[in-house]
Number of protein chains: 2
Amino acid sequence: MTSTTLKKISEVLGLSISTVSRALKNHPDISEKTKQKVIELATTLDYEPNANAIHLRTKNSKVFGVIVPSISNFFYDSFIASVEEESRKMGYSLIILQSSDNAEIELNNLKLCRQNRVNGIFVCITPSTQNIQPFLRLSEFNIPVIFFDKVPEFEACNKVCLADTQAAIIAANTILSKNKKKVLGIFGNKNMSITKKRLTAFEDAFTLKKNILHVEYAHSKEEAHAITKQQLSLKHKPDTVFCMSDEILAGAMKAIQELHLTIPKDVAIISMSNGFFPKLYYPEITYVETSGYKLGQLAFSRMISYLAGSTFMQELTLDCILIEGQSI
Amino acid sequence: MTSTTLKKISEVLGLSISTVSRALKNHPDISEKTKQKVIELATTLDYEPNANAIHLRTKNSKVFGVIVPSISNFFYDSFIASVEEESRKMGYSLIILQSSDNAEIELNNLKLCRQNRVNGIFVCITPSTQNIQPFLRLSEFNIPVIFFDKVPEFEACNKVCLADTQAAIIAANTILSKNKKKVLGIFGNKNMSITKKRLTAFEDAFTLKKNILHVEYAHSKEEAHAITKQQLSLKHKPDTVFCMSDEILAGAMKAIQELHLTIPKDVAIISMSNGFFPKLYYPEITYVETSGYKLGQLAFSRMISYLAGSTFMQELTLDCILIEGQSI
DNA sequence: ATTTTTTTTGCAAACGTTTGCGATTATGTT
DNA sequence: AACATAATCGCAAACGTTTGCAAAAAAAAT
């Protein structure tokens, strides 16, 4: 069976297509009697309007595009989950594309969004994305692009970010206030602006106690694991480990378990995190919250305000708070 | 600027719309010269075909719908990630909807899929879904529905599942082969068919050593944590813990850390898992792999074969394998 | 009974494509 | 030069809606 259309209903009822259309949207022009008839037949025939036809006709797809480096990732997941919730509430659907950390696929995903005439795009660029002109060009077609989390460093565009600087400062100050003597700070990919921001702020906070801070870079859980294991095996080992991200935290924690160290007695640990991982461990890890969920809400509200007319570039920042566990 | 259309291109070039259309798809009827001209203008004008118009005209949306209880979940994530990959390769897009464990929202998501005239639906029903008729009815409109993971228990439909029974047996046999004396088995929601399957098979495997198995049910990480803590605090405590899922594993591990027990010396642990969590701990946890990623691939291939004509109901099963860590 | 007003409905164009078929133009053959 | 053939191209309908406007029908007013 092919799906029901307005035409089919109109033919059965001997009405015009337009009357059926109006009846179904409760247009005041249509009499109650015909409305009744139409609605009844529509439900028995399981009528569902063809979204493509509507979008074509109204030039409004009611769809947002979301482009992320990877779907199976805590942070992006919770971001997507919140954007999806908000979108559904407002009658929007989501097309979700993952770029697999590949700039070429990313570009193709962008193209897909355009072909679908999405009303807006949320994008977190991959670390390897060099050219963001294709994204910026979309504004010429009046389709807003909200960059989130990993955002272009220099270009003027709509950005929604965590307060990375603030978050790093909070973490650093927490460590300093506990009078720690030797801190291992593990950061991510040195080339990413997010790493730079966090690192700079973190180091600045340690400016008076520069000598107690040792910084390392890890590009994966495994590297974080190796670094932590190695550093914590030194005779003069760190008394505190700071992890820039959940991934790094996971690696570090594995090393700590491996070395049978007790937290926070043998070593203290503090992280920046989406909130899920820290609660996995005992004692629970103290962390500066970098909530993908909240960031999603912020990004969505920015999208809505953009669509409502506030089209000038804005850089929004999500405040971070310290969530205390018992790890430091 | 409004987006470029075939019409616009045709007007600039003094050609007909159909010629432009054909030129862009490299139709043999069109001369090389005009193809050149058309393609050149199209690229400078940044032409992207309107997917809605194409779908309307061709009656083929090239879109699959994915409906899951929740997006931010390891298992569903990896499922979605793999379906997304495969889909992109074959020129399909994905509309991803989450039901938030709410049957009503789920139904609405189904409606959205229909309105978008998706070519097929992957759905994992919520635990509270009672009536799956609306799903089954879609086959009347020739749109295939592939149920995965949490599938309807009785109805004839296309199902793609993990080999839950086999997986539970593997886990049980692994425990038995190690000559364990007291086993705590923690299972999930008793009402879900997936729990029943796993539990039945697990208990059957212990049929000769019934007395060494103690079963508990946990509906969350926190419950799993509490149960494990309580059981492992007994004087005659279990020497082995089996966890039916990642979520339960996470709770159990937290309790084990809290009690400062050493794995596998003080207590052994084995789980069913997607594979991410077990590698988070040291020593790594031995688990029976229940891969969302592989399940996604299986589901996708089923979808493709359905679309290719094999429309009879099938129940596919993904073999499970034991991944050895050092936890038992 | 006629006109006016109000209520109810239908016509037709438009959204941007694709595609069968016919028309035009160019090329080749005698 | 006349014709046949092949290479290019355009017309127009269709996909399923929405919507301004006009038309028809019913109700109200004279």
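Just so we're on the same page: letters track the sequence lines, and every chain starts at 1. What you see below is based on every heavy atom in this structure, not just the backbone, and it leaves out hydrogens, waters and symmetry mates.
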Whole angstrom value for the distance that separates P of D/dT8 from CG of B/Leu13: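 Taking CG of B/Leu13 and P of D/dT8, I get 17 Å after rounding.
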Where protein sits on nucleotides 9-17 of chain C, one letter per nucleotide: B base, S sugar-phosphate only, - none, heavy atoms under 4.0 Å: BBB-BBBBB
Ion pair check, B/Glu86 and B/Lys89, cut-off under 4.0 Å: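 B/Lys89 and B/Glu86: salt-bridged.
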Residues in side chain to side chain contact (heavy atoms under 4.5 Å, CB included) contact with A/Asp319, at least two apart in sequence or another chain: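 For A/Asp319 the side chain to side chain contact (heavy atoms under 4.5 Å, CB included) partners, ignoring immediate neighbours, are A/Gln166.
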Under 3.5 Å donor-acceptor pairs involving side-chain atoms of residues 134-156 of chain A, not counting sequence neighbours:
residue, atom, partner, partner atom, Å
A/Arg137, NH1, B/Asp46, OD2, 2.5
A/Ser139, OG, A/Leu136, O, 2.8
A/Lys150, NZ, A/Tyr76, OH, 2.8

Enclosure of B/Glu104 CD (heavy-atom neighbours >12, cutoff 6.0 Å):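 Atom CD in B/Glu104 is not crowded, with 12 or fewer foreign heavy atoms closer than 6.0 Å.
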Reported OG-to-CD distance for the pair B/Ser93 and A/Gln115, which is rounded to 0.5 angstrom: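 Answer rounded to 0.5 Å: 8.5 Å.
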